[in-house]
2 protein chains.
Amino acid sequence: MEIKSKLWIEVNGEPVFGRGRRFLLHAIDTYGSINQAAKEINISYRKAWSYIKAMEERLGIKLVKRQAGGRNGGGAVLTEDAREFLKKYEQMEEGIRETVDEKFKKIFY
Amino acid sequence: MEIKSKLWIEVNGEPVFGRGRRFLLHAIDTYGSINQAAKEINISYRKAWSYIKAMEERLGIKLVKRQAGGRNGGGAVLTEDAREFLKKYEQMEEGIRETVDEKFKKIFY
DNA sequence: ATTCCGTTATGACTTTTATGCATAACGCAT
DNA sequence: ATGCGTTATGCATAAAAGTCATAACGGAAT
């Protein structure tokens, strides 16, 4: 038996950001490619792409600058806005899970 | 833009308890009927029933004593185990949402 | 006994959501 | 021109969630 917690941000009742999307943006930042990033975090490119599309639409912010074609086939990089958002979210998340786990152990064991 | 958080318990990777189920058990305790409880928390009887079934199977604990037929058509009451579990979960949940909301405001505003 | 009532119990269907597949378009480098 | 690995999407399929209809129950009133 284990405790799980989830944290996400909504806009107009629609989810726009959570742990999965955080991993995705992070991986894009690392690998410079949506495709590569998706593989790395074990989701399909299709899904990654849908995530990004939805995030950008709902947030009204451009998060990923993409280029199809060109040297190495193209790629993707995070915008400054994305980096800022990511940073805030990570701060947000930090400590929450630990708090939850602690509480769980204290009560259920 | 708003923050959302969710807390739930899993057994073997399967969810067994969360806020919705907490409301359900609580309502059953109050109304003495799954049917009535479901209406009260705005879910279908079918869903409520599925919840209970899954919880009991996965937890391996009898949570709701039911009777079909009889005076007033029957009804349902929580077992002692259910009450205990509910109590622990509520302790668990207490304070978490507040912590999250606070953190969110501090960072995003 | 028979009927009535509100309940539990489930199967079957429908709708929605998520996932996966196939394919087009891109543009630099060779 | 051709090749390469990428982004970009429509479309089909699968899975999950939700809805609907109906059976069975058993005490109480008739």
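Chain letters run A, B, ... following the sequence lines, proteins first and then strands; every chain starts at 1.
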Please produce a list of atom pairs where a protein N or O lies less than 3.5 Å from an N or O of nucleotides 23-30 of chain D.
unit_1, atom_1, unit_2, atom_2, d
D:dC25, O2, B:G69, N, 2.7
D:dG26, O4', B:G70, N, 3.2
D:dG26, N2, B:G70, O, 3.4
D:dG26, N3, B:G70, N, 2.9
D:dG27, O4', B:R71, N, 3.3

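- In this structure, the side-chain contact (heavy atoms from CB on, under 4.5 Å) partners of A:V77, at least two apart in sequence or on a different chain, are A:K65.
- Take A:E2 and apply the salt bridge (charged side-chain N to carboxylate O under 4.0 Å, His left out) test, not counting sequence neighbours, and it matches no residue.
- A straight line from CD1 of A:I34 to P of D:dT9 spans 11 Å, rounded to a whole angstrom.
- Listed by chain and number, the residues in a ring-ring contact (aromatic ring centres under 6.0 Å, His included) with A:Y51 amount to none (sequence neighbours excluded).
- Annotation: ring-ring contact (aromatic ring centres under 6.0 Å, His included) contacts involving residues 60-100 of chain A, sequence neighbours excluded, comprise A:F17-A:F85, A:F17-A:Y89, A:F85-B:F108.
- For DNA chain C, no neighbouring residue in residues 5-26 of chain B is found when judged by any heavy atom under 4.0 Å.
- For residues 37-62 of chain A, proximity to DNA chain D is found at A:Y45, A:R46, A:W49, defined as any non-hydrogen atom under 4.0 angstrom from a strand atom.
- By the salt bridge (charged side-chain N to carboxylate O under 4.0 Å, His left out) test, A:K6 is found to be paired with no residue, residues two or more places apart in sequence or in another chain being considered.
- Legend: side-chain hydrogen bond (donor to acceptor under 3.5 Å, both in side chains) pairs involving residues 98-109 of chain B, not counting sequence neighbours: none detected.
- Among residue pairs with one or both ends in residues 11-35 of chain A, those qualifying as salt bridge (Lys or Arg N to Asp or Glu O under 4.0 Å) are A:E14-A:R58, A:R19-A:E93, A:R22-A:E90, A:R22-A:E93, A:D29-A:R83; sequence neighbours excluded.
- Taking CD of A:Q91 as the reference point, atom CD1 of B:I107 lies at 4.5 Å (rounded to 0.5 Å).
- Qualifying side-chain contact (heavy atoms from CB on, under 4.5 Å) partners for A:A37, counting only residues two or more places apart in sequence or in other chains: A:L24, A:A27, A:I28.
- Within the structure, salt bridge (Lys or Arg N to Asp or Glu O under 4.0 Å) contacts touching residues 33-42 of chain A (residues at least two apart or in different chains) do not occur.
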